[in-house]
Amino acid sequence: MNGWDVLNNIINGFPSVAIVLLLVAVIVAVIIFIVGFTRHGVDFIKHGFRQNLLSELTAKLATKEDISNLKTELDTIKDNHFGHLKNYLGVLNGVLLDKKIIDNETRARLDNELRGM
């Protein structure tokens with residue numbers, strides 16, 4: 001018994017409708033592969049019909065200029081945020097002094113620390 005006999009026995013075990021549908025699916029897949037390969041070559045095997053996928057991905061990647069601009073913006077955000085934080089801590093020192101939780105000497109020391117930052 002050779003391989004063709006085994007294949008023939010397996011095929012005879014399936015209903016004929018299933019074999020016809022499988023054959024049609026294989027033929028359609030082969031036609032799609034032939035058309036894609038003749039249009040796009042080896043890239044078709046890697047990317048299929050959507051050949052612009054790689055170019056879309058590279059367009060979405062940030063350039064060095066974009067990263068530099070983001071770094072400048074980040075530095076600006078940090079400076080602004082730190083300035084707001086210093087103002088808040090200054091107001092908080094005033095509130096603590098008004099509530100008599102800290103004294104003038106402690107407030108002066110805290111204010112000097114804030115100015116030094």
Side-chain angles (χ1 to χ4, degrees):
M1 181 178 239
N2 60 22
W4 289 111
D5 293 333
V6 172
L7 185 62
N8 189 28
N9 289 339
I10 292 172
I11 289 175
N12 287 335
F14 283 108
S16 59
V17 175
I19 297 297
V20 169
L21 290 176
L22 181 65
L23 184 63
V24 169
V26 168
I27 291 172
V28 168
V30 168
I31 290 172
I32 289 173
F33 179 78
I34 290 171
V35 169
F37 193 79
T38 56
R39 286 188 183 173
H40 303 290
V42 177
D43 285 338
F44 177 74
I45 297 171
K46 293 179 185 175
H47 307 292
F49 280 115
R50 252 190 108 191
Q51 296 296 311
N52 56 357
L53 178 67
L54 189 59
S55 61
E56 286 176 4
L57 287 176
T58 54
K60 290 180 182 178
L61 291 176
T63 62
K64 288 183 181 179
E65 182 180 331
D66 293 338
I67 293 171
S68 297
N69 290 341
L70 288 176
K71 184 180 182 312
T72 303
E73 290 177 19
L74 182 62
D75 290 340
T76 304
I77 290 170
K78 284 181 183 177
D79 290 342
N80 289 341
H81 182 69
F82 192 68
H84 290 298
L85 183 61
K86 282 174 69 173
N87 289 339
Y88 175 76
L89 290 175
V91 171
L92 182 62
N93 285 341
V95 170
L96 292 175
L97 182 65
D98 291 344
K99 298 280 184 179
K100 297 188 185 334
I101 296 174
I102 60 173
D103 58 1
N104 282 330
E105 181 183 331
T106 307
R107 179 181 178 176
R109 196 171 73 235
L110 291 172
D111 286 340
N112 285 336
E113 285 292 324
L114 283 175
R115 271 190 232 105
M117 289 184 181

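Under the side chain to side chain donor-acceptor pair (under 3.5 Å) criterion, the residue pairs touching residues 94-105 are D103-T106, with sequence neighbours excluded.
The CG atom of N2 sits 4.0 Å away from atom CG of D5, with the distance rounded to the nearest 0.5 Å. Residue L97 holds its CG atom at 5.5 Å from CD1 of I102, rounded to the nearest 0.5 Å.
In the hydrophobic clustering of ILVMFWY residues, with side-chain heavy atoms under 4.5 Å counting as a link, V26 and V20 come out apart. Cluster membership for L92 and I101, using ILVMFWY side-chain heavy atoms within less than 4.5 angstrom, is shared. Two different hydrophobic clusters hold L22 and F33 under the rule that ILVMFWY side chains link at heavy-atom gaps under 4.5 Å.
Take D111 and apply the side-chain contact (heavy atoms from CB on, under 4.5 Å) test, not counting sequence neighbours, and it matches N93, R107, L114, R115. Listed by chain and number, the residues in a side-chain contact (heavy atoms from CB on, under 4.5 Å) with L70 are E73 (sequence neighbours excluded). For N12, the side-chain contact (heavy atoms from CB on, under 4.5 Å) partners at least two apart in sequence or on another chain are N8. For the side-chain contact (heavy atoms from CB on, under 4.5 Å) test, residues two or more places apart in sequence or in another chain that qualify with D75 are K71.
Within the 4.5 Å cutoff, side-chain heavy atoms of L7 are placed close to those of W4.
Membership of the apolar cluster around L21 extends to V17, as traced through chained side-chain contacts below 4.5 Å between ILVMFWY residues.
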